[in-house]
Amino acid sequence: MRHLLVLGGTTEGRRLAALLAEEPGVRVTSSVAGRVARPGPVTGTVRSGGFGGPEGLARWLTAHRVTAVIDATHPFAAAITRNAAQACAATGTPLLVIRRPGWTAGPGDRWLTAASLPEAAGLLHGLGRRVLLTTGRQGVAAFAGLDQLWFLIRSVDPPEPPLPPHARLLADRGPYHLDGERALLREHSIDIVVTKDSGGTATAAKLTAAREAGLPVVIVVRPPLPEGVAAVPGVASAGERLRELGLLGARRLHGGHGGHGAADTCP
Ligand code: NAP
């Protein structure tokens, strides 16, 4: 029996767990950070909470006889991806990372890229006064000093303080649809959208709505993958790679790439 560990907390993680559960001779454990109050349903065995750094993860891999790790975490969950690379290297465990493709600007988009949340905050002056902030509940502190601006902060769970002084919180979870995003921008007279480059379709409608409204979008670029780590763009290609590695039988996994973000907010 092969034991696959799926590092999840995303739609890709949930889809992969559901698909792997149907594979004969495979046992799957999904791991989530355990930060979301009401996480989405996951097929099969789930463990929750940190492992205790790369050393803790390495110990877990050995103790639970893990055959391979599939890192299906969010593109901005850089610490767990780094830990997985180190723990897998230390224990000789094969590692596959699923990285959904990032978003690309099209005609009519007014995108400004930022290397970090503080850099994104620094770009807002002069762009407008009313900001839709969708960068997740962690990291809102980077915007806390912007007392001249008003923020609509959308996240699954309440954001961690400190918050900007003029802000309204909107608890919501994707997928988001274009009509709703258009209405949100209009109703709150939003003139700037701030997002991470999460990629996927679940949270992309805000980009279309912003383009239609002629609004600037400040996009925080992704952290790089650890050096030497193999990445595939989606669940289907992960299945193919696992088959090439001899970890799955001949049956094909179904599931497109591109993926859906768990939310545009960080659990
Ligand atoms: P992170 O900064 O990369 O990780 C911080 C610490 O949280 C890790 O060192 C690890 O603790 C623990 N951790 C993270 N993901 C874990 C997992 N799947 N299973 C067990 N422990 C995990 O992660 P993050 O950005 O806070 O994201 C946490 C979770 O939310 C991830 O599962 C991610 O897929 C999901 N998520 C994140 C975002 C985002 O924007 N960052 C968006 C949507 C979903 P130890 O060192 O103790 O092992």
Side-chain angles (χ1 to χ4, degrees), residues 4-17 28-40 42 44-61 63-64 66 69-88 90-91 95-100 102-103 114 116-117 120 133-142 153-157 159-160 171-176 194-204 206 219-226 229 231 234-235 238 259-267:
L4 303 182
L5 174 65
V6 176
L7 301 172
T10 56
T11 301
E12 284 92 340
R14 282 190 286 279
R15 281 171 50 205
L16 186 65
V28 184
T29 302
S30 294
S31 176
V32 296
R35 309 239 184 81
V36 185
R38 287 173 293 110
V42 181
T45 306
V46 180
R47 68 159 302 285
S48 181
F51 294 94
E55 300 80 11
L57 178 54
R59 280 193 297 276
W60 201 96
L61 297 180
H64 294 83
V66 172
V69 177
I70 302 102
D71 176 354
T73 58
H74 190 271
F76 281 83
I80 187 70
T81 295
R82 199 169 48 243
N83 292 355
Q86 288 177 22
C88 286
T91 55
L95 169 66
L96 184 62
V97 178
I98 298 179
R99 260 308 160 273
R100 66 176 84 129
W103 291 318
S116 63
L117 290 169
L133 185 62
T134 64
T135 50
R137 72 174 180 84
Q138 300 178 102
V140 174
I153 303 174
R154 182 168 70 185
S155 56
V156 176
D157 287 321
E160 288 171 7
D172 205 355
R173 183 197 290 267
Y176 299 105
V194 182
T195 181
K196 292 174 176 170
D197 180 13
S198 297
T201 55
T203 62
K206 63 190 168 193
I219 302 210
V220 181
V221 300
R222 297 168 169 208
L225 279 174
V229 163
V235 172
H260 299 271
D264 61 352
T265 48
C266 177

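Order of appearance sets the numbers: ligands from 1, and atoms from 1 within every ligand. These values consider heavy atoms only, across backbone and side chains, with no hydrogens, waters or symmetry-generated copies. All residue numbers in this chain count up from 1 along the given sequence.
Proximity of Ala78 to ligand 1, defined as any heavy-atom pair under 4.0 Å, is confined to the backbone N, CA, C and O atoms.
Looking at ligand 1, you'll find an N or O of Ile80 within less than 3.5 Å of one of its N or O atoms. In terms of polar-atom proximity, defined here as any N/O pair under 3.5 Å, Gly8 does make such a contact with ligand 1. An N or O contact shorter than 3.5 Å is missing between Thr10 and ligand 1 by distance. Polar contact with ligand 1: present for Ser31 (N/O pair, distance under 3.5 Å).
Ligand 1 is approached by Gly49 to a heavy-atom distance shorter than 4.0 Å. Within the 4.0 Å heavy-atom shell around ligand 1 one finds Gly52. At least one heavy atom of Asn83 sits under 4.0 Å from some atom of ligand 1.
Here atom 27 (O) of ligand 1 lies nearest to Ala77 when heavy atoms of Gly9, Ala84, Ala77 are compared. Of all the listed residues (His74, Arg47, Arg35), His74 holds the heavy atom that lies closest to atom 39 (C) of ligand 1.
To the nearest 0.5 Å, atom OH of residue Tyr176 and atom CZ of residue Arg154 are 4.0 Å apart. Atom CZ of Arg222 and atom NE2 of His74 lie 7.5 Å apart (nearest 0.5 Å). Here the CH2 atom belonging to Trp60 is positioned 7.0 Å from the OG atom belonging to Ser31, to the nearest 0.5 angstrom. The structure places CD1 of Ile70 at 7.5 Å from CG of Leu5, a figure rounded to the nearest 0.5 Å. With rounding to the nearest 0.5 angstrom, the CD1 atom of Ile98 is 7.5 Å from the OG1 atom of Thr10. From Thr91, atom OG1 reaches atom CZ of Arg59 across 12.5 Å, with rounding to the nearest 0.5 Å.
Of all atoms in ligand 1, numbered sequentially from 1 with element shown, those under 4.0 Å from a heavy atom of Gly53 are 45 (P), 46 (O), 47 (O), 48 (O). Every atom of ligand 1 with a heavy atom of Gly50 under 4.0 Å away is listed here by number and element: 11 (O), 21 (N), 45 (P), 47 (O), 48 (O).
The backbone N or O of Val220 sits nowhere less than 3.5 Å from a side-chain atom of Lys196 that would complete a donor-acceptor pair.
For the residue pair Thr11 and Arg100, no side-chain donor N or O sits within less than 3.5 Å of a side-chain acceptor on the partner.
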